[in-house]
Amino acid sequence: MNYWLIKTEPESYSLEDLKSKGEDVWDGVRNHQARNFIEKMKPGDLVFVYHSGKQKALVGTAKVVSAPYPDPKAADGEKWLAVDIRYNGHLPNPVTLSQIKTSDQLQDLLLVRQSRLSVMSLSKQEADILVTMADA
DNA sequence: GCCAACGTTGGC
DNA sequence: GCCAACGTTGGC
(Lines give C-alpha, C1' and ligand atoms only; values in the text may rest on other atoms or scores of the structure.)
Protein backbone atom coordinates (compact mmCIF):
# COMPACT_ATOMS: atom_id res chain seq x y z
CA MET A 1 0.00 0.00 0.00
CA ASN A 2 1.14 3.53 -0.77
CA TYR A 3 0.51 6.67 1.23
CA TRP A 4 -0.35 10.07 -0.20
CA LEU A 5 -1.18 13.58 0.84
CA ILE A 6 -3.50 15.81 -1.14
CA LYS A 7 -4.19 19.47 -0.53
CA THR A 8 -7.43 21.30 -0.98
CA GLU A 9 -8.82 24.70 -0.16
CA PRO A 10 -11.79 23.92 2.06
CA GLU A 11 -13.63 26.98 0.69
CA SER A 12 -13.77 25.32 -2.71
CA TYR A 13 -13.73 21.64 -1.75
CA SER A 14 -13.51 20.34 1.80
CA LEU A 15 -13.29 16.99 3.50
CA GLU A 16 -16.93 17.55 4.51
CA ASP A 17 -17.85 17.77 0.84
CA LEU A 18 -16.13 14.45 0.22
CA LYS A 19 -17.86 12.93 3.24
CA SER A 20 -21.30 13.94 2.02
CA LYS A 21 -20.60 12.52 -1.41
CA GLY A 22 -19.00 9.37 -0.04
CA GLU A 23 -17.01 8.87 -3.19
CA ASP A 24 -15.84 11.44 -5.71
CA VAL A 25 -13.48 12.22 -8.57
CA TRP A 26 -10.19 13.85 -7.63
CA ASP A 27 -9.46 15.90 -10.71
CA GLY A 28 -8.20 19.30 -11.73
CA VAL A 29 -4.55 18.64 -10.89
CA ARG A 30 -2.49 20.69 -13.33
CA ASN A 31 1.07 20.13 -12.25
CA HIS A 32 3.42 17.56 -13.70
CA GLN A 33 5.01 16.46 -10.48
CA ALA A 34 1.61 15.97 -8.90
CA ARG A 35 0.42 14.12 -11.98
CA ASN A 36 3.35 11.73 -11.71
CA PHE A 37 2.25 10.87 -8.18
CA ILE A 38 -1.35 10.29 -9.26
CA GLU A 39 -0.03 7.95 -11.91
CA LYS A 40 1.31 5.68 -9.17
CA MET A 41 -1.88 5.54 -7.12
CA LYS A 42 -3.56 2.19 -6.66
CA PRO A 43 -6.94 1.16 -5.24
CA GLY A 44 -6.61 0.71 -1.49
CA ASP A 45 -3.93 3.39 -1.05
CA LEU A 46 -4.41 5.71 1.90
CA VAL A 47 -4.71 9.44 1.22
CA PHE A 48 -4.33 12.12 3.86
CA VAL A 49 -6.39 15.23 3.19
CA TYR A 50 -4.87 18.62 4.01
CA HIS A 51 -6.84 21.85 4.25
CA SER A 52 -4.80 24.83 3.07
CA GLY A 53 -5.69 28.45 3.74
CA LYS A 54 -7.01 29.32 7.19
CA GLN A 55 -6.87 25.86 8.70
CA LYS A 56 -3.49 24.57 7.50
CA ALA A 57 -3.97 21.08 8.92
CA LEU A 58 -4.42 17.47 7.99
CA VAL A 59 -8.05 16.78 8.74
CA GLY A 60 -8.85 13.30 7.52
CA THR A 61 -8.19 10.38 5.24
CA ALA A 62 -9.60 8.87 2.08
CA LYS A 63 -9.00 5.69 0.12
CA VAL A 64 -8.10 5.45 -3.53
CA VAL A 65 -10.84 3.40 -5.18
CA SER A 66 -9.90 3.47 -8.86
CA ALA A 67 -6.87 3.25 -11.06
CA PRO A 68 -5.71 6.60 -12.46
CA TYR A 69 -7.59 7.61 -15.60
CA PRO A 70 -7.61 10.61 -17.94
CA ASP A 71 -8.99 13.70 -16.24
CA PRO A 72 -12.41 14.24 -17.83
CA LYS A 73 -11.97 18.00 -17.41
CA ALA A 74 -8.64 18.20 -19.21
CA ALA A 75 -8.56 20.25 -22.40
CA ASP A 76 -8.27 18.40 -25.70
CA GLY A 77 -4.85 16.90 -26.16
CA GLU A 78 -3.83 17.41 -22.55
CA LYS A 79 -2.89 14.33 -20.60
CA TRP A 80 -3.87 15.06 -17.03
CA LEU A 81 -4.98 12.34 -14.64
CA ALA A 82 -7.72 11.85 -12.09
CA VAL A 83 -8.59 9.12 -9.58
CA ASP A 84 -11.69 8.24 -7.63
CA ILE A 85 -11.40 8.49 -3.85
CA ARG A 86 -13.74 7.49 -1.04
CA TYR A 87 -14.13 9.28 2.27
CA ASN A 88 -12.42 7.24 4.98
CA GLY A 89 -12.71 9.35 8.13
CA HIS A 90 -11.81 12.49 10.00
CA LEU A 91 -8.68 12.41 12.13
CA PRO A 92 -9.40 12.33 15.88
CA ASN A 93 -7.35 15.53 16.09
CA PRO A 94 -6.23 17.56 13.07
CA VAL A 95 -2.47 17.66 12.63
CA THR A 96 -1.47 21.26 11.99
CA LEU A 97 1.24 22.49 9.69
CA SER A 98 3.05 24.06 12.63
CA GLN A 99 3.05 20.69 14.44
CA ILE A 100 4.49 19.08 11.35
CA LYS A 101 7.11 21.79 10.97
CA THR A 102 8.25 21.38 14.56
CA SER A 103 8.40 17.59 14.42
CA ASP A 104 11.96 16.32 14.02
CA GLN A 105 10.76 13.29 12.09
CA LEU A 106 8.74 15.10 9.45
CA GLN A 107 11.27 17.56 8.07
CA ASP A 108 11.49 15.72 4.76
CA LEU A 109 7.77 15.94 4.04
CA LEU A 110 7.23 17.53 0.66
CA LEU A 111 4.48 19.54 2.32
CA VAL A 112 7.20 21.40 4.19
CA ARG A 113 9.83 21.43 1.49
CA GLN A 114 7.64 22.24 -1.49
CA SER A 115 4.73 24.20 -0.22
CA ARG A 116 2.96 24.59 -3.55
CA LEU A 117 2.77 20.92 -4.47
CA SER A 118 -0.82 19.67 -4.25
CA VAL A 119 -0.31 15.90 -4.45
CA MET A 120 2.65 14.18 -2.81
CA SER A 121 3.76 10.79 -1.57
CA LEU A 122 4.48 9.85 2.03
CA SER A 123 6.66 7.09 3.36
CA LYS A 124 5.04 4.50 5.61
CA GLN A 125 7.04 5.92 8.50
CA GLU A 126 5.73 9.41 7.83
CA ALA A 127 2.18 8.11 7.56
CA ASP A 128 2.55 6.24 10.86
CA ILE A 129 3.89 9.35 12.59
CA LEU A 130 0.98 11.43 11.30
CA VAL A 131 -1.55 8.86 12.51
CA THR A 132 0.12 8.83 15.92
CA MET A 133 0.02 12.61 16.10
CA ALA A 134 -3.65 12.62 15.11
CA ASP A 135 -4.46 10.19 17.93
CA ALA A 136 -2.60 12.17 20.56
C1' DG B 1 -1.55 42.60 2.13
C1' DC B 2 2.93 40.92 1.26
C1' DC B 3 6.17 37.88 -0.48
C1' DA B 4 8.63 33.49 -1.76
C1' DA B 5 8.48 29.75 -4.80
C1' DC B 6 7.14 28.07 -8.93
C1' DG B 7 5.05 27.59 -13.50
C1' DT B 8 3.90 29.67 -17.88
C1' DT B 9 4.09 32.81 -21.63
C1' DG B 10 6.05 35.40 -25.17
C1' DG B 11 9.66 38.35 -27.22
C1' DC B 12 14.08 37.99 -28.98
C1' DG C 1 16.77 28.22 -26.13
C1' DC C 2 17.10 32.06 -22.93
C1' DC C 3 15.03 35.12 -19.87
C1' DA C 4 11.95 38.81 -18.28
C1' DA C 5 7.32 39.50 -17.07
C1' DC C 6 3.43 37.89 -15.21
C1' DG C 7 0.10 34.75 -12.78
C1' DT C 8 -0.90 31.50 -9.03
C1' DT C 9 -0.44 29.17 -4.70
C1' DG C 10 -0.22 29.36 -0.06
C1' DG C 11 2.16 30.65 4.27
C1' DC C 12 2.93 34.48 7.21
Side-chain angles (χ1 to χ4, degrees):
Chain A
M1 169 155 75
N2 299 310
Y3 301 88
W4 310 99
L5 187 157
I6 60 177
K7 287 203 288 201
T8 182
E9 280 232 47
E11 282 76 21
S12 53
Y13 193 100
S14 70
L15 184 65
E16 287 299 328
D17 294 330
L18 179 63
K19 183 182 184 181
S20 66
K21 293 200 174 190
E23 193 173 307
D24 207 357
V25 186
W26 199 259
D27 61 10
V29 174
R30 295 293 180 270
N31 170 286
H32 291 278
Q33 202 180 349
R35 194 199 84 112
N36 291 341
F37 286 129
I38 292 177
E39 200 168 24
K40 293 179 186 147
M41 289 185 178
K42 294 194 177 86
D45 286 355
L46 187 65
V47 179
F48 290 81
V49 179
Y50 176 83
H51 278 175
S52 64
K54 269 192 172 179
Q55 204 168 0
K56 293 187 281 293
L58 289 166
V59 289
T61 58
K63 289 276 188 150
V64 176
V65 291
S66 78
Y69 57 91
D71 185 336
K73 289 183 185 157
D76 288 349
E78 291 190 344
K79 295 170 186 169
W80 300 112
L81 294 174
V83 281
D84 293 341
I85 59 174
R86 180 184 298 136
Y87 173 79
N88 192 56
H90 278 68
L91 296 175
N93 299 294
V95 179
T96 65
L97 181 61
S98 63
Q99 280 178 274
I100 290 169
K101 284 189 165 174
T102 52
S103 161
D104 290 343
Q105 298 155 298
L106 295 174
Q107 291 313 299
D108 287 334
L109 266 201
L110 288 173
L111 182 71
V112 177
R113 306 181 64 122
Q114 233 177 306
S115 65
R116 289 187 51 189
L117 189 61
S118 61
V119 179
M120 62 198 79
S121 63
L122 303 173
S123 68
K124 176 161 180 20
Q125 288 83 347
E126 289 167 340
D128 288 345
I129 291 164
L130 291 172
V131 168
T132 303
M133 288 171 78
D135 280 332

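No experiment lies behind these values; they were computed from the predicted model shown. In what follows, chains carry the letters A, B, and so on, assigned in the order in which the sequence lines appear, proteins first and then strands, with residues in each chain numbered from 1.
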### Query
If you count the non-hydrogen atoms of other residues, nucleotides and ligands that lie under 6.0 Å from CZ in A:Arg86, is the total more than 12?
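It does not: A:Arg86 CZ has 12 such atoms or fewer within range.
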### Query
Would you call A:Lys21 and A:Asp17 a salt bridge, taking side-chain N to carboxylate O under 4.0 Å as the test?
no
### Message
Going by the rule ring pair (Phe, Tyr, Trp, His ring centres under 6.0 Å), which residues pair with A:Tyr3 if we only count those two or more places apart in sequence or in a different chain?
### Response
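Counting only residues at least two positions away or on another chain, A:Tyr3 forms no ring pair (Phe, Tyr, Trp, His ring centres under 6.0 Å).
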### Query
Roughly how bent is the helix from B:dG1-C:dC12 to B:dC12-C:dG1 end to end, in steps of 10 degrees, with each end axis from five pairs?
10°
### Task
Using a 4.5 Å cut-off on heavy atoms from C-beta on, say whether the side chain of A:Leu106 contacts that of A:Leu111.
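Not touching, per the 4.5 Å side-chain cut-off.
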### Under 4.0 Å protein heavy-atom contact, by nucleotide of nucleotides 3-12 of chain C - B base, S sugar-phosphate only
----BBBSSS
### Task
Go through the structure and list residues passing side-chain hydrogen bond (donor to acceptor under 3.5 Å, both in side chains) with A:Ser98, not counting sequence neighbours.
A:Thr96
### Query
Taking only residues two or more places apart in sequence, or in another chain, which ones meet A:Arg116 in a side-chain hydrogen bond (donor to acceptor under 3.5 Å, both in side chains)?
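In terms of side-chain hydrogen bond (donor to acceptor under 3.5 Å, both in side chains), with neighbours along the sequence ignored, A:Arg116 is linked to no residue.
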### Task
Go through the structure and list residues passing salt bridge (charged side-chain N to carboxylate O under 4.0 Å, His left out) with A:Asp84, not counting sequence neighbours.
none
